[in-house]
Amino acid sequence: MPRQSRKNLTGEFFHLIVQGINKERIFESDKMKEAYKSLLRKNLKDTKINILAYCVMNNHVHILVHSAEKEQISIFMRKVNTGYAKLYNSLNVRVGYVFRDRYYTQMIKNYSHLFRCIVYIHNNPVKAGLVNTFSQYKYSSYNEYIENKDLITEDGIKKIFGEKENYKELFNSIHKLTNIEDISDIKEKDSYSEIINTYIKKYNTTAERIIQNEELFGNLLIKLRHECGLSLRDMAKIFKINKDKINKILHKVL
């Protein structure tokens with residue numbers, strides 16, 4: 001069976017934002033952050049949804065989900081937020097709304113958008129000054145990709161990275177970028193890996209030798225740029241070469 005094209009993600013991946021009414025700090029304590037995570041975990045069991053990233057902040061939550069059935073997301077979020085509102089009101093002896101509206105939904109358009117969204121979500125506590133690094137924050141999904149899975153599942157990881165076992169390489173690389181906007185249109189890691197491996201087999205050589213041959217390397221760079229939408233920065237990171245040198249080689253073969 002041919003591999004299904006994964007360039008168009010419209011209608012499957014969604015970035016959800018839940019916010020406390022009047023921007024109140026409804027998740028301020030560790031206990032309440034854990035309570036919201038617990039409700040996410042509990043209500044995932046009977047849904048056709050994968051959580052791909054999340055971060056519970058003091059007054060809002062980011063959740064990146066995948067589902068082929070959008071109505072499943074509405075059902076899931078209604079159960080989670082209703083359960084949390086009841087708990088929050090009970091513990092604080094109050095009545096009334098807990099959340100600002102239902103939740104905000106943003107459709108993910110492509111893999112560039114997907115990767116930026118994952119990093120954006122994990123960067124929230126760093127940007128807010130709560131921690132210095134992604135891994136220091138206990139209430140995001142960052143460490144689940146590195147260590148123990150909880151809300152993030154193997155099936156969810158495959159929705160992003162396919163069947164590749166070394167997905168952590170790409171996961172780590174996008175989180176090392178100093179500017180989230182530097183993540184250009186890398187549609188999927190195996191796309192450019194396949195192109196590079198095809199070149200290696202075709203010329204019965206190695207990646208190192210291809211790099212040493214300017215004409216061959218230049219043609220490979222052009223192919224990566226046109227077919228995968230990679231930027232100079234992306235290619236510099238892949239081949240561990242200064243982007244100015246990449247640019248110079250491209251100009252020679254164009």
Side-chain angles (χ1 to χ4, degrees), residues 13-47 49-67 72-108 114-153 156 171 174-175 177-181:
F13 295 78
F14 300 89
H15 177 197
L16 314 177
I17 303 174
V18 177
Q19 190 174 56
I21 191 167
N22 298 322
K23 297 184 179 181
E24 290 178 13
R25 298 162 71 90
I26 62 173
F27 308 105
E28 188 167 20
S29 69
D30 288 354
K31 177 181 177 180
M32 299 312 286
K33 289 183 177 73
E34 288 288 358
Y36 196 81
K37 277 187 62 177
S38 179
L39 285 164
L40 290 173
R41 189 183 305 112
K42 174 185 175 182
N43 288 287
L44 268 179
K45 295 177 182 177
D46 301 319
T47 63
I49 290 176
N50 287 295
I51 291 180
L52 307 179
Y54 68 86
C55 183
V56 186
M57 297 291 285
N58 289 336
N59 71 345
H60 68 281
V61 179
H62 291 275
I63 312 169
L64 176 64
V65 301
H66 170 272
S67 180
Q72 287 281 316
I73 299 173
S74 296
I75 295 169
F76 172 69
M77 292 305 297
R78 183 173 65 249
K79 288 181 178 179
V80 171
N81 287 350
T82 298
Y84 188 83
K86 289 179 179 178
L87 174 65
Y88 184 83
N89 280 341
S90 174
L91 291 175
N92 290 280
V93 193
R94 71 186 289 276
V95 294
Y97 294 109
V98 173
F99 296 103
R100 178 186 178 185
D101 303 322
R102 277 195 320 161
Y103 55 90
Y104 169 77
T105 306
Q106 179 187 46
M107 186 181 292
I108 302 298
L114 180 68
F115 289 151
R116 284 201 305 270
C117 185
I118 292 170
V119 179
Y120 174 81
I121 288 172
H122 292 156
N123 192 53
N124 257 245
V126 178
K127 187 177 179 181
L130 300 178
V131 292
N132 294 319
T133 63
F134 304 116
S135 60
Q136 291 176 336
Y137 197 67
K138 296 190 297 181
Y139 304 104
S140 85
S141 52
Y142 179 82
N143 286 317
E144 293 195 33
Y145 280 89
I146 307 301
E147 300 175 32
N148 300 323
K149 306 289 186 295
D150 182 9
L151 298 180
I152 306 299
T153 64
F171 179 83
I174 63 175
H175 284 79
L177 296 176
T178 56
N179 185 343
I180 292 174
E181 295 305 315

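We count residues from 1, following the sequence as given. The model shown is predicted, which means the values in this text are computed figures rather than measured ones.
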Taking every non-hydrogen atom, the tightest pair across [X] and [Y]:
X    : Y    : value
L64  : C117 : CD1-SG, 4.0 Å
S141 : L52  : OG-O, 4.4 Å
F134 : H122 : CD2-O, 3.2 Å

Does the side chain of [Y] come within less than 4.5 Å of [X]'s, by heavy atoms?
X    : Y    : result
V18  : Y84  : no
I174 : R116 : no
Y142 : F171 : yes
N50  : T153 : yes
I26  : Y36  : no
L40  : I63  : yes

Within this structure, what is the [atom1]-[atom2] distance for the pair [X] and [Y], rounded to the nearest 0.5 Å?
X    : Y    : atom1 : atom2 : value
Y145 : H175 : OH    : NE2   : 8.5 Å
I73  : L16  : CD1   : CG    : 6.0 Å
F27  : M32  : CZ    : CE    : 8.0 Å
E34  : L39  : CD    : CG    : 11.5 Å
N124 : S140 : CG    : OG    : 9.5 Å
N92  : L87  : CG    : CG    : 9.0 Å

[X]: side-chain contact (heavy atoms from CB on, under 4.5 Å) partners, not counting sequence neighbours:
X    : value
Q136 : V131, N132, T133
L44  : T47, I49, I51, F76, L151
K138 : D30
L130 : M57, P125, A128, Y137

Run the salt bridge (charged side-chain N to carboxylate O under 4.0 Å, His left out) test against [X] and tell me which residues pass, sequence neighbours left out.
X   : value
K37 : D150
E28 : R25
K42 : none

message: Restricting to side chain to side chain donor-acceptor pair (under 3.5 Å), what partner residues turn up for N143, sequence neighbours left out?
response: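 N143: no side chain to side chain donor-acceptor pair (under 3.5 Å) contacts found.
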- request: Quick one: which residue pairs count as a salt bridge (charged side-chain N to carboxylate O under 4.0 Å, His left out) with a foot in residues 73-98, not counting sequence neighbours?
  value: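 Non-adjacent pairs meeting salt bridge (charged side-chain N to carboxylate O under 4.0 Å, His left out): zero.
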task: Evaluate the side chain to side chain donor-acceptor pair (under 3.5 Å) criterion for residues Y97 and N89: first the C-alpha distance (whole Å), next the side-chain angles of each, then the deciding distance (0.1 Å), finally the verdict.
output: CA-CA 9 Å; Y97 294 109; N89 280 341; over 6 Å; no
Residues which pass ring pair (Phe, Tyr, Trp, His ring centres under 6.0 Å) with [X], listed by chain and number, not counting sequence neighbours:
X    : result
H62  : H15, H60, Y120
Y54  : none
Y103 : none

query: Just by distance, do the side chain of N59 and the backbone of K23 share a donor-acceptor pair under 3.5 Å?
result: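 Here the side-chain-to-backbone pair exists.
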